Structure formats: C-alpha cells, structure tokens
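Notes follow the structure.
Here the structure is a predicted model, which means the values were calculated and not measured. No hydrogens, no waters, no symmetry mates; every other heavy atom, side chains included, goes into these values.
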Amino acid sequence: MITALTGSQIREAERPLLDRGLGPELMARAAHGLYRVLVAELLRTRGRLYGARAAAVVGKGNNGGDALFALAELAGRGVRTAAVLAAGTAHPAGLAAFVAAGGRVERALPPADVTIDAVLGTGGSGDFRPPFERPRGLVVACDLPSGVDADTGLASEHAWQADVTVTFGALKTGLLAGRGRALAGRVEVVDIGLGSHLGQPDAFVLEQSDVAALLPRPRDDWHKYTRGVLGVVAGSEQYQGAAVLTTAAALATGVGMVRYVGPPDVRRAVVGAHPEVVASGSPEGRVQAWAVGPGIAHDAAQQRAFDVAVGSGLPVVIDASGLERIPGPALGGRAVLTPHAGELAGVLSRLGLPVERSDIEARPVRWARIAAERLGVTVLLKGPATVCAAPDGTVCIQSTGHPYLATAGSGDTLTGVLGALLATVPETRPVHLAAAAAVIHGLAGRIAAETGPFGATELAEAVRRAVGHLSS
C-alpha cells in the first residue's frame, strides 16, 4: 500500500531536522534524486548526456535550490545548463554551485532538451502565472508543478503540464487528485531521510498486491452461500441494460449467487443473459449484501425494493438513481455510495450543504471526506482519480483506469464489482473494498482496451480476467 501526505505534513516532518541544522543534507539528497531522474530522462530521449541542454526556471526558495544543485551535477557530466531566476534571486548556495559548474543565468528561457519547473514548492498556493509559456520539450517538475496545491490538488489554470514530477520525502496527496494529478505526469518519489518524522498518512493507494491479498482464495469446503450471495435491485422498463450489466459484473467478480429483483421484462433479460441468476419481483431471500440503484429511475416497485434493501442493515452499494433516494445519515457504516461529482453535489445539496460540481472536481478529496463524515458512510467518488473516503477520514485514491472507461454502463459494472466484494469479503473495511473495486474496474478497462474502444457489455469478461490476474 502506497502512502501519501500533504505538503503541510512534509514541512512539519522537516522542521526538527532543519532545527538541527540538517537543511543542507536534505537539499543534497533532494537535488541528487532530481539529478538521477534527469539523467535517466536524457538518456532515454537522447541516448547520451554529453552535449544535452538543460534549463530551469527557479524560485528564490529551497525548491529552486534543489534544481540549481541538480543542474550543477548535470554540468559535471557535460550537459549545458542554464537557469532563469523567476524572482531575480535564488538560493545562495545553490546558485553559487550552479555558476561554479559553468551554468549560465539567463533572462529568457532558452531551448532545452529538458526544462525544470522549480519556481514553487509545497508552500506555494493561490493563483500562479509562470513567467514563460510552457516549453515544447520535456518538462520535469521539482517536487510538484508550480501552482499545484500539495494538499488538495487544486491548481492554477496557468500551471505547466509536467512529463515527470520528482517529489521529495513522500508522495503528496495533491499529486493524486484534482488537477494536480493531471499536471504531474509520471511521479517519482525521492527518499530524503524524513523517516520516523513522517506522521500518519493523509491518503493511501492500494496496489494490485493489496487487492490480491483481500480476494477470497478458493476452498474445498465452499458452497454457493459461503461464497457470498448478492442481491441486486437495478434496472427498469426504461433502463433494462443497467440490470444486465450490474449482474454480469457481480458474477464475473466471483459471488456464489446473484438474486435479482426487478420487473418481469427486465427479469427475462437478465436471466436470458445469465441463466444462473435467481430472479424475482420482490426483495426476498437470503443475501449477504445488496447492490442497488442503477437504472431504477422512477419505477415505484423498484423504489420500494430499494427501500427494503437499504433498510436491511446489510452492506449495500448505492449508485445512480438510488443516490436521489438515500435516507440521509441513517444509512449505517456498511453502506457505500458511488457518485460522480455531479451526483455528489446533489446529495450534499439535499443535506443542506450546497456545492457546485466544479468545486467537487477541483477538491475531490475534501468533498468526499465531508460527505462520508456527514452521512456516516463510505463514499466512492468517481472521476479521473477515484477517491474512496470513510467516515473516520481514511482516504484511498486510485487512478488505474483507462480513458475508454468513460462509457455508458461503466458505472453499473463498478457497482456489480463492489457489490460482489461486499458480499464475499464482509470482514474487510468498506473503504478498502471500494478502493479494491476501483482497482479491478480500472484493470478491466485496460484489459478491454487492448483491442481498441469498447462498450460496457465487454467489461464483464474483462473483469473476470482482471480478477483472475490478481488471484494468480
């Protein structure tokens, strides 16, 4: 499991080391880590270092000092180096090392094979306008792209898009969510020796190995009930496909049985696609968890079945139309909501906390946490990065998907995957199951995209392959 901290936490971790006079040592480690990534990128793109050109736009603080020391190391390998001082001044020791190594201080940003963005570090906030247009070549951000809030991912509209971000001490939450994620490019973390001074993580990222560890292993004593039974309330005459997609995904994830509840025509469609599904018109029978909401629209019978499922006290994942019907903070701790930003804005507004979709998209971690705390449930906020928040503030951020997952019915598939996990791994925290579902869904998207664009009907088979890959 990967951990992430806020910029504020990193600065707090650095404080005792700085008080002991270890600032130069921390900077040397950061600069050398940046240098190593720059070397790797230049070798990858040019094949050799000698004669390469590296430039930097540096601020007056330690972030700029890191870049200047890294450039000085590059100059020792035959790289031509130049720097623009964005504030007219720079870290004194870093600037001295840079000039001593043959670096040139320029007024305008020269053409380069790689340009370092080192104007602002973790302390930067507010609207930031770079002094130059983004250069055409490779851009490497020092600690984080200037103009990105390390705590939230909120970013200036003028911030440069980095190809690589070399971040120091620990991964920053702001590089995982919001526009910070989009601007960061590939993120490389450099250990600068903060060690035990780092506090509790602000957020987590589940890796595939973490998901594999929580998936149930086949046992000889299994039967269909011990493997988990999922109840599904999805679909309506208007949206029959939602029921088919949700049940297909649940079956592909590995439940022992799916009990489907819906109108006669939809039941026939579901059973026609999946004869193993037990279908009826009422929410009766033994289940371990529920997946409810996709496509139920304004169907009165489906809404009544929804109310029964949500009121059962069993683990439940609520999606789509069901989000408009949730009974406020009386859901219970085993419920998981799966809204996108617009749906979450509607949920919060109905709770008396009006917020715009754009605000949630800009600060997804903040608003997912607020919703989880206010409702006492786990919130899986869908978006370019999936943010899963628990009522106690625990957050997992996953971004393993593929752009082709932005297709109708993809959310129904995610609901089926998460419902299956709630039914089959009841001892695991819902926030971790939500993150695991996002990983499986994302991996399935990448598998399905191997042959090109796809529709949601192709995702169930990809989910099966994803689970098989994780379980092998």
Side-chain angles (χ1 to χ4, degrees), residues 1-6 8-9 149-154 171-181 199-207 210-211 214 293 315-319 322-323 326 328-351 353 355-357 359-401 411 414-415 417-419 421-422 428-442:
M1 191 177 295
I2 299 170
T3 58
L5 288 87
T6 64
S8 306
Q9 288 176 302
D149 188 306
D151 294 6
T152 66
L154 191 67
L171 181 63
K172 313 298 191 300
T173 303
L175 297 174
L176 295 174
R179 286 193 66 231
R181 171 188 173 272
Q200 284 294 110
D202 179 58
F204 300 87
V205 180
L206 263 64
E207 298 181 275
D210 300 312
V211 179
L214 66 81
V316 57
V317 51
I318 303 173
D319 185 37
L323 296 168
I326 57 174
L331 284 166
R334 298 294 291 178
V336 184
L337 309 186
T338 59
H340 56 59
E343 290 168 332
L344 185 59
V347 169
L348 290 172
S349 295
R350 288 190 292 275
L351 288 174
L353 189 62
V355 59
E356 297 296 324
R357 176 179 188 146
D359 293 334
I360 294 174
E361 290 173 335
R363 298 179 178 87
V365 175
R366 176 177 187 268
W367 288 107
R369 274 195 170 116
I370 288 173
E373 180 184 2
R374 292 287 183 96
L375 287 163
V377 302
T378 295
V379 172
L380 183 159
L381 177 57
K382 294 180 282 196
T386 301
V387 178
C388 306
D392 67 355
T394 300
V395 164
C396 296
I397 306 173
Q398 308 299 144
S399 54
T400 55
L414 177 61
T415 298
V417 172
L418 179 50
L421 294 178
L422 289 171
T428 302
R429 292 187 66 192
V431 68
H432 292 147
L433 292 180
V439 172
I440 292 170
H441 187 248

Asp151: side chain to side chain donor-acceptor pair (under 3.5 Å) partners, not counting sequence neighbours: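 Partners of Asp151 under the side chain to side chain donor-acceptor pair (under 3.5 Å) test: Ser8.
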
Set of side chain to side chain donor-acceptor pair (under 3.5 Å) partners for Thr173, sequence neighbours left out: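 If we apply the side chain to side chain donor-acceptor pair (under 3.5 Å) test to Thr173, skipping adjacent residues, the hits are Asp202.
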
pair Val395-Val387: side-chain heavy atoms closer than 4.5 Å: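 Yes, at least one pair of side-chain atoms sits under 4.5 Å.
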
Flag side-chain contact, heavy atom, 4.5 Å: Ile397 against Arg181: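 Ile397 does not reach Arg181 side chain to side chain.
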
Taking all non-hydrogen atoms of both residues, which atom of [X] and which atom of [Y] are closest, and how far apart?
X: Trp367; Y: Leu348; result: CE3-CD1, 3.7 Å
X: Val336; Y: Pro430; result: CG2-CB, 3.9 Å
X: Thr3; Y: Pro201; result: CG2-CG, 3.6 Å
X: Leu206; Y: Ala436; result: CD2-N, 4.0 Å
X: Ala341; Y: Ile360; result: O-CD1, 3.6 Å
X: Pro384; Y: Ser399; result: O-CB, 4.1 Å

Short side-chain to backbone donor-acceptor contact, Gln9 and Gln200, under 3.5 Å: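 Yes; at least one donor-acceptor contact below 3.5 Å.
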
N/O donor-acceptor pair under 3.5 Å between Asp149 side chain and Leu154 backbone: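 A pair under 3.5 Å: no.
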
Under 3.5 Å donor-acceptor pairs involving side-chain atoms of residues 371-383, not counting sequence neighbours:
| unit_1 | atom_1 | unit_2 | atom_2 | d |
| --- | --- | --- | --- | --- |
| Lys382 | NZ | Asp319 | OD1 | 3.2 |
| Lys382 | NZ | Thr338 | O | 3.2 |

Say you draw a straight line from [atom1] of [X] to [atom2] of [Y]; how long is it, rounded to the nearest 0.5 Å?
X: His340; Y: Thr386; atom1: NE2; atom2: OG1; answer: 13.0 Å
X: Leu344; Y: Leu337; atom1: CG; atom2: CG; answer: 8.5 Å
X: Thr400; Y: Glu207; atom1: OG1; atom2: CD; answer: 11.5 Å
X: His432; Y: Leu421; atom1: NE2; atom2: CG; answer: 13.5 Å

Go through the structure and list residues passing side chain to side chain contact (heavy atoms under 4.5 Å, CB included) with [X], not counting sequence neighbours.
X: Arg366; value: Arg363, Ile370
X: Ser349; value: Pro354
X: Val205; value: Ile2, Leu176, Gln398

Derivation of the side-chain contact (heavy atoms from CB on, under 4.5 Å) call for Arg369 and Val365: CA-CA 6 Å; Arg369 274 195 170 116; Val365 175; 3.4 Å; yes

Looking at residues at least two apart in the chain, or sitting in another chain, which of them share a salt bridge (Lys or Arg N to Asp or Glu O under 4.0 Å) with [X]?
X: Arg334; answer: none
X: Asp359; answer: none
X: Arg357; answer: Glu361

Member of Val317, Val211, Leu214 meeting the side chain to side chain contact (heavy atoms under 4.5 Å, CB included) criterion with Leu433: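 In the set Val317, Val211, Leu214, the residue that makes a side chain to side chain contact (heavy atoms under 4.5 Å, CB included) with Leu433 is Leu214.
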
